[in-house]
Amino acid sequence: MPTLSPRLSFGPLSSMMRAALVAATIALLGGCANMANTPPSNGGLSSNPTDNQRAAQINTELGVGYMNEGHMDVAVEKIKKAIYYDDDFAPAHHAYALMLDRLGEKEKAAREFEKAYSLDPNNSDLDNNYATFLCGQKEYSKAQSLFARAYGDPLYKTPEFALTNSGVCYESEGKPDQAISQFDAALVKQPGYGPALIGKARVYYEQKKYADAANAMKAFEANNRNTPDTLQLAIRIDRATGDQSALANHVLILKGRFPESAAAKWYDSGAK
C-alpha cells in the first residue's frame, strides 16, 4: 500500500502496520489547467480569479509530487504558494495536512484537514486520509466513521484502501476480529490485495493462530512481492509453525535481496 505512509504506533510490528496504511492520491479538480499553464508572471495575485485558481492547482500538483519524492521542504513551499493564490482550494489544504502530519505538526495538520473538509465535505480520498490521521491520534470512533464513508461511497475507485486502513485501525484499537473482517472485505473488493493479506497474517500471528497466519502469508506471496518487513513477519510465522523449508527460503530472500535492511539486521541479531 501509495503511497504516503501514515503514522500509527503499535508496538513490535509497528513499522509493518504503518506500512499497511494507504494514503489515497489527492484528487485534484478536473477540467482545470494542466502543467503547461503558468501562474501569473509577476508571482503575485492576479486580478483574474481564474488565473489565481490555475496557479493554486499547479502549485498543489507540484507540491504533491515533491512530497511523494520526499522533498518536503520544496513541497511545503509549493503548497503554501498554492494557498496564497487561492485559500479556498481544498486540495491544497488536504495536501498541506498530509505534509504537516508527516512533519509531526499534528495540531496544524488537524486544522488543515478541517479546513479541507469545510471546502470539500464529500471527498472519499479526504475521508480515508483524515481517518488515517485520526486513528493515529487514537480517535477511533471518528476515524471508523470516516473510513465507512469512504468505502461506502459507490463512486470511490479504491475502497480496498479504506477497508484495509479501517482494519489496521481496529488492530491498533485492540479489536482483532473486526480487523480481520475489514481485511476480508478489502479482499472481496480486490482479490490478492497485498496490504489486506499481510494484515490478516499479522493479526493471526499476534493471536497465535499460526496456521492461519501461514496461509495468509502464502496467499500474499502468490500475488505480491516481499519487502523486508513482510519477510520479517514471514520468518516469525515460519519459526512459530516450525516450517524449516519456508524459513530457509525466506531467510535466503531476505539476505540476498535486502542484506542492509533493518529486517536483515534484526535476523542477524538473533531477535525473535
Side-chain angles (χ1 to χ4, degrees), residues 1-8 18-40 43 45-46 49-136 143 146-147 149-151 153 155-162 164-165 195:
M1 53 203 134
T3 61
L4 307 175
S5 59
R7 305 77 20 198
L8 302 181
R18 286 195 301 271
L21 286 156
V22 179
T25 302
I26 295 170
L28 298 178
L29 297 179
C32 294
N34 59 32
M35 293 300 290
N37 298 108
T38 58
L45 293 175
S46 169
T50 300
D51 287 343
N52 293 326
Q53 292 165 1
R54 182 184 304 125
Q57 183 185 3
I58 292 169
N59 278 282
T60 300
E61 290 172 346
L62 289 169
V64 171
Y66 283 119
M67 175 172 61
N68 289 336
E69 292 172 359
H71 303 301
M72 295 301 294
D73 53 344
V74 185
V76 169
E77 177 187 343
K78 294 297 181 185
I79 290 299
K80 285 183 175 180
K81 186 177 289 188
I83 292 171
Y84 166 75
Y85 280 120
D86 186 357
D87 189 44
D88 290 332
F89 189 57
H93 291 283
H94 185 176
Y96 195 25
L98 293 171
M99 292 177 191
L100 289 166
D101 185 23
R102 183 178 289 190
L103 293 169
E105 299 279 355
K106 303 300 182 183
E107 291 185 7
K108 292 181 181 178
R111 288 197 293 270
E112 289 299 316
F113 272 122
E114 290 293 343
K115 175 71 172 180
Y117 253 106
S118 72
L119 296 167
D120 189 8
N122 298 303
N123 183 317
S124 294
D125 285 337
L126 182 54
D127 287 333
N128 176 68
N129 290 341
Y130 190 21
T132 296
F133 171 81
L134 290 169
C135 192
L146 291 177
F147 282 134
R149 271 174 48 106
Y151 62 71
D153 179 358
L155 300 179
Y156 189 36
K157 294 181 179 179
T158 53
E160 67 274 13
F161 284 14
T164 299
N165 286 349

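Here the side chains of Y84 and N59 are not in contact, with every heavy-atom distance at 4.5 Å or above. Residues E112 and I83 form a side-chain contact, since some pair of their non-hydrogen atoms from C-beta on lies under 4.5 Å apart. Residues L103 and V76 have side chains in contact (heavy-atom distance under 4.5 Å, counting atoms from C-beta outward).
Judged as a side chain to side chain contact (heavy atoms under 4.5 Å, CB included), and not counting sequence neighbours, the contacts of E114 are Y130, K142. Shown here are the side-chain hydrogen bond (donor to acceptor under 3.5 Å, both in side chains) partners of Y117, two or more places apart in sequence or in another chain: D127.
Interatomic distance, K80 NZ to M99 CE, rounded to the nearest 0.5 Å: 11.0 Å. Going from atom OH of Y96 over to atom OG1 of T60 covers 12.5 Å, rounded to the nearest 0.5 Å. Considering CG of N129 and CZ of F133, their distance stands at 11.5 Å, rounded to 0.5 Å. Taking OH from Y85 and CG from D51, the interatomic distance works out to 10.0 Å, rounded to the nearest 0.5 Å. Separation of atoms CZ (R149) and CG (L126) is listed at 8.5 Å; rounding is to 0.5 Å. If you take CG on L100 and CD1 on I79, they are separated by 10.0 Å, rounding to the nearest 0.5 Å.
Minimum heavy-atom separation, S124 to A150: O-CB, 3.6 Å. Nearest heavy-atom pair across M67 and A75 is N-CB, 3.6 Å. The two residues F147 and A162 have their closest heavy-atom pair at CD2-O, 3.8 Å.
Around atom CD of E107, no more than 12 heavy atoms belonging to other residues, nucleotides or ligands sit under 6.0 Å away.
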(request) Please report the C-alpha distance between L119 and F89 in whole Å, then the side-chain angles of each, then the deciding distance to 0.1 Å, and finally whether the side-chain contact (heavy atoms from CB on, under 4.5 Å) criterion is met. (result) CA-CA 8 Å; L119 296 167; F89 189 57; over 6 Å; no
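Judged purely by distance below 3.5 Å, without hydrogens or angles, the side chains of E61 and Q57 pair a donor atom with an acceptor atom.
For H93 (side chain) and D88 (main-chain N/O), no donor-acceptor pair under 3.5 Å exists by modelled atom type.
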